[in-house]
Each structure stands twice: as C-alpha cells, then as structure tokens.
Trainee: 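Quick one: this structure, given as structure tokens, is what I'll be asking you about.
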Amino acid sequence: MGSKPAIITVAEKAPITAARKVHDDLDTKLPKPYVPRAVVAPDTENVKGTWGHEHNNMSVLQQHAAFFDQDGDGIIYPWETFRGFRLIGFNPIASFVFALLVHMAMSYATSPTWLPSPLFPIYVQNIHKAKHGSDTGTYDTEGRYVPVNFENIFSKYARTVPDKLTRAEIWHMTQSSRNAFDIFGWIASKLEWGALYILAKDDEGYLSKEAVRRCFDGSLFEYCAKVHKGPAAKMD
C-alpha cells in the first residue's frame, strides 16, 4: 500500500490559510491534541498541564474562575472578584471596573434559576454557560480545554517571536476571531485579552505562551497573587 496522502493546510486560492499557519505535526509532541481535556491544560512543552496545580476535579474553565471564589463556596460575588483583581496586582479603580463588567455580563447566564439576583453572583458550576463567541475556541462549550486550538493561537498570530504575542498581534488575533454580528463577543474578547496583557506581559512587552496557558487553567492568578504579595519568583 502507498503512503498516506499529505494533509493540506494551505489552499492556493485562500491566501489567508497561508498567512495563518496551523500545525500539522502536533500529535508528535502532544498525545491526541484534538481531544478536549476536562481537567488539565497541556501544550507541547507541558504535556501533563501545569506542574503542582490542583484541578480539584473541576473543568479547566471552572479552574480559571475558581481563583475569584475567595471562600470556596462555589459562588463568586462582585466583592470577591474585586478582591481577586486586587490580589493579582490591579489598582482599585481597574479592579472595580473589571468586577462590575464581569458580573453584569456573566451573572445571569450562570444562574440556576430564572430569577436574577440583585447581588449578581456567578455560579462556578455553570460558568460554561457564560462562554461567549468570537474567542479562540480554546475552551469548548462545556468548559474543557482544546490543546490544538490553544497551539493555533501562536502558530497563526505570533509573528515577531515564536510562542510570544505582542500587543499588536493580540489585537490582530481578536479581530480575526470575530464572529459576524457578535458585538458582545468582540468587546468581551478585547477586554479579556487586554487585561491579560496588562497583567502578564514581560519587560519587553511580550505576552508569553506559558502565561496564556496558565491563564486558561487559573494557575497564573495564583502565581501573580504570590508575586504581588512577596518577592517575585520565576514561574514553575
């Protein structure tokens, strides 16, 4: 039998497919990268996810949100989100604005009842219901983590330095990921990536692949809180 035909990832009459390259060899570096992971967030450098990070049997999206659940009761209130942003280094004004926007956008979507709460709680168990469009697709609709979509962020948009994003590249990525007429998703994506860039950019103005990956599983927030509290240490 002959060899298997090559998988074509670039179409000559669709130049955008050449401009935004995708990996065709991920399975040699990461087992089954197309299979969504429920509790870990691996990449080609960290095939088992974040070392030392406890998933507590939560989905990756739930882990991302859980840092802001300050008392661990499964419900995040605006004052907990405010405190969480303060813990990772944002000033009071930015923390207040982010907390306000997050809870106005996500509270009702995660509510277990039809009646809205005046306290604007976010229920961690239902956080997948608050997933918006025009994103990278790294979370699926159930809150699992999709490695291939994460890797494609950098193969498509990291032009200046491999595995790092500049501010302009982040803007380009969020522009390119927009779904038609999804105004809420457009705005949400810009705000989320803008906040992440402010939080985790390095001294040269780059946002590293490792910082982005750890944002997805929430371990970045734990790290930033420790750094903000005491002497800075290198990421594991």
Trainee: Looking at every heavy atom in both M173 and T136, which two are closest together, and how far apart are they?
Mentor: SD-CG2, 4.1 Å

Trainee: Mark yes or no for whether N149, through its side chain, and G137, through its backbone, hold a donor-acceptor pair below 3.5 Å.
Mentor: yes

Trainee: Do Q70 side-chain atoms and F67 backbone N/O form a donor-acceptor pair below 3.5 Å?
Mentor: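 Indeed, once roles are kept as given, a pair shorter than 3.5 Å links the two residues.
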
Trainee: How about Y206 and L165: do any of their side-chain heavy atoms sit closer than 4.5 Å?
Mentor: no

Trainee: For residues 85-115, which residue pairs pass the ring pair (Phe, Tyr, Trp, His ring centres under 6.0 Å) check, not counting sequence neighbours?
Mentor: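 Only F68-F85, F85-F90, F85-F98, F90-F98 qualify under ring pair (Phe, Tyr, Trp, His ring centres under 6.0 Å).
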
Trainee: Check the angle between the aromatic planes of F150 and Y145 and answer parallel, tilted or perpendicular using the 30° and 60° thresholds.
Mentor: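 Judged by the thresholds at 30° and 60°, the geometry between F150 and Y145 is tilted.
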
Trainee: I want to check something: taking the side chain as every heavy atom from C-beta on, are H172 and S176 in contact at a cut-off of under 4.5 Å?
Mentor: yes

Trainee: Can a donor-acceptor pair be found, under 3.5 Å and without considering hydrogens, that links the side chain of S107 to the backbone of P121?
Mentor: yes

Trainee: Does the side chain of Q63 reach to within under 4.5 Å of the side chain of N56, using non-hydrogen atoms?
Mentor: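 Heavy-atom side-chain distance check fails, nothing below 4.5 Å.
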
Trainee: Taking E169 for the side chain and T160 for the main chain, is one N or O donor matched with an acceptor at less than 3.5 Å?
Mentor: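 A pair under 3.5 Å: yes.
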
Trainee: Quick check: are there more than 12 heavy atoms from other residues, nucleotides or ligands sitting under 6.0 Å from CZ of R20?
Mentor: yes

Trainee: Enter the distance from Q62:CD to D217:CG here, rounded to the nearest 0.5 Å.
Mentor: 13.0 Å

Trainee: Would you mind reporting whether D163 and S208 have side-chain heavy atoms less than 4.5 Å apart?
Mentor: no

Trainee: For side chain to side chain contact (heavy atoms under 4.5 Å, CB included), just list the numbers for T44 and L26, CA-CA rounded to whole Å, side-chain angles, deciding distance to a tenth of an Å, and then say yes or no.
Mentor: CA-CA 8 Å; T44 53; L26 278 180; 3.6 Å; yes

Trainee: Any non-hydrogen side-chain atom of V148 less than 4.5 Å from a side-chain atom of N152?
Mentor: yes

Trainee: Can you check whether F216's main-chain N or O pairs, donor with acceptor, with Y139's side chain at less than 3.5 Å?
Mentor: yes

Trainee: Can you give me the closest heavy-atom contact between L30 and P42, atom names plus distance?
Mentor: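 Nearest pair, atom of L30 first, then P42: CD1-CB, 4.0 Å.
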
Trainee: If you measure from OG on S95 to CZ on R86, what distance do you get to the nearest 0.5 Å?
Mentor: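 Rounded to the nearest 0.5 Å, the OG-CZ separation comes to 5.5 Å.
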
Trainee: List the atom pairs, donor and acceptor, that lie under 3.5 Å between side-chain atoms in residues 187-200 and the rest of the protein, sequence neighbours left out.
Mentor:
| residue | atom | partner | partner atom | Å |
| --- | --- | --- | --- | --- |
| K190 | NZ | T174 | OG1 | 3.0 |
| K190 | NZ | Q175 | OE1 | 2.6 |
| E192 | OE1 | H132 | NE2 | 2.9 |
| E192 | OE2 | H132 | NE2 | 2.9 |
| Y197 | OH | G205 | O | 2.8 |

Trainee: Answer whether the closest heavy-atom distance between the side chains of D43 and E151 falls below 4.5 Å.
Mentor: yes

Trainee: Under the side-chain hydrogen bond (donor to acceptor under 3.5 Å, both in side chains) test, which residues partner E54, sequence neighbours left out?
Mentor: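 Checked E54 against side-chain hydrogen bond (donor to acceptor under 3.5 Å, both in side chains); zero matches.
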
Trainee: Roughly how far, to the nearest 0.5 Å, is OG of S219 from CZ of R214?
Mentor: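 One gets 4.0 Å once the value is rounded to the nearest 0.5 Å.
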
Trainee: Check A130 against T110 and note the closest heavy-atom contact, atom names and distance.
Mentor: CB-CG2, 3.9 Å

Trainee: Without swapping roles, check the side chain of D69 against the backbone of G74 for a donor-acceptor pair under 3.5 Å.
Mentor: yes

Trainee: Between CG of D140 and NZ of K131, what distance do you get to the nearest 0.5 Å?
Mentor: 7.5 Å

Trainee: Does a side chain donor of either E210 or N46 reach within less than 3.5 Å of an acceptor in the other side chain?
Mentor: yes

Trainee: Examine distances only and state if a side-chain atom of N179 and a backbone atom of S134 form a donor-acceptor pair shorter than 3.5 Å.
Mentor: yes

Trainee: Is D73 reaching over with its side chain to a backbone N or O of I75, donor-acceptor style, under 3.5 angstrom?
Mentor: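 At least one qualifying donor-acceptor pair exists.
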
Trainee: Could you walk me through whether I127 and M106 pass side chain to side chain contact (heavy atoms under 4.5 Å, CB included), step by step?
Mentor: CA-CA 8 Å; I127 192 67; M106 296 185 179; 4.3 Å; yes

Trainee: For residues D202 and K164, report the shortest heavy-atom separation together with the two atoms involved.
Mentor: OD2-NZ, 3.7 Å

Trainee: Please report the interatomic distance CD1(I170) to CD1(I153), rounded to the nearest 0.5 Å.
Mentor: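 The CD1 atom of I170 sits 10.0 Å away from the CD1 atom of I153.
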
Trainee: Does C215 offer a backbone N or O that forms a donor-acceptor pair with the side chain of H64 under 3.5 Å?
Mentor: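 It does hold such a pair.
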
Trainee: Inspect the surroundings of CD in Q125 and state if more than 12 heavy atoms from other residues, nucleotides or ligands are less than 6.0 Å away.
Mentor: no

Trainee: What's the shortest heavy-atom distance between K156 and V22, and which atoms?
Mentor: CE-CG1, 3.7 Å

Trainee: State plainly whether one hydrophobic cluster holds both I122 and I88, where clusters connect Ile, Leu, Val, Met, Phe, Trp and Tyr through side-chain heavy atoms under 4.5 angstrom apart.
Mentor: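 I122 clusters together with I88.
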
Trainee: Does the side chain of R213 pick up a donor-acceptor pair with the side chain of T50 at under 3.5 Å?
Mentor: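 The answer is yes; a qualifying pair exists.
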
Trainee: If you measure from the Lys or Arg side-chain nitrogens to the Asp or Glu carboxylate oxygens, is any gap between E45 and K209 under 4.0 Å?
Mentor: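 Yes.
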
Trainee: Can W79 be reached from F120 by stepping across I, L, V, M, F, W or Y side chains whose heavy atoms are under 4.5 Å apart?
Mentor: no

Trainee: Of all heavy-atom pairs between D24 and T9, which one has the smallest distance, and what is that distance?
Mentor: CB-CG2, 4.4 Å

Trainee: Strictly distance-based, threshold 3.5 Å: is any side-chain N or O of E80 a donor or acceptor partner for the main-chain N or O of D71?
Mentor: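 Side chain of E80 to backbone of D71, a donor-acceptor pair under 3.5 Å: yes, one is there.
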
Trainee: Would you say the side chain of P147 lies within less than 4.5 Å of the side chain of R37, judging by non-hydrogen atoms?
Mentor: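 Yes, side chains in contact.
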
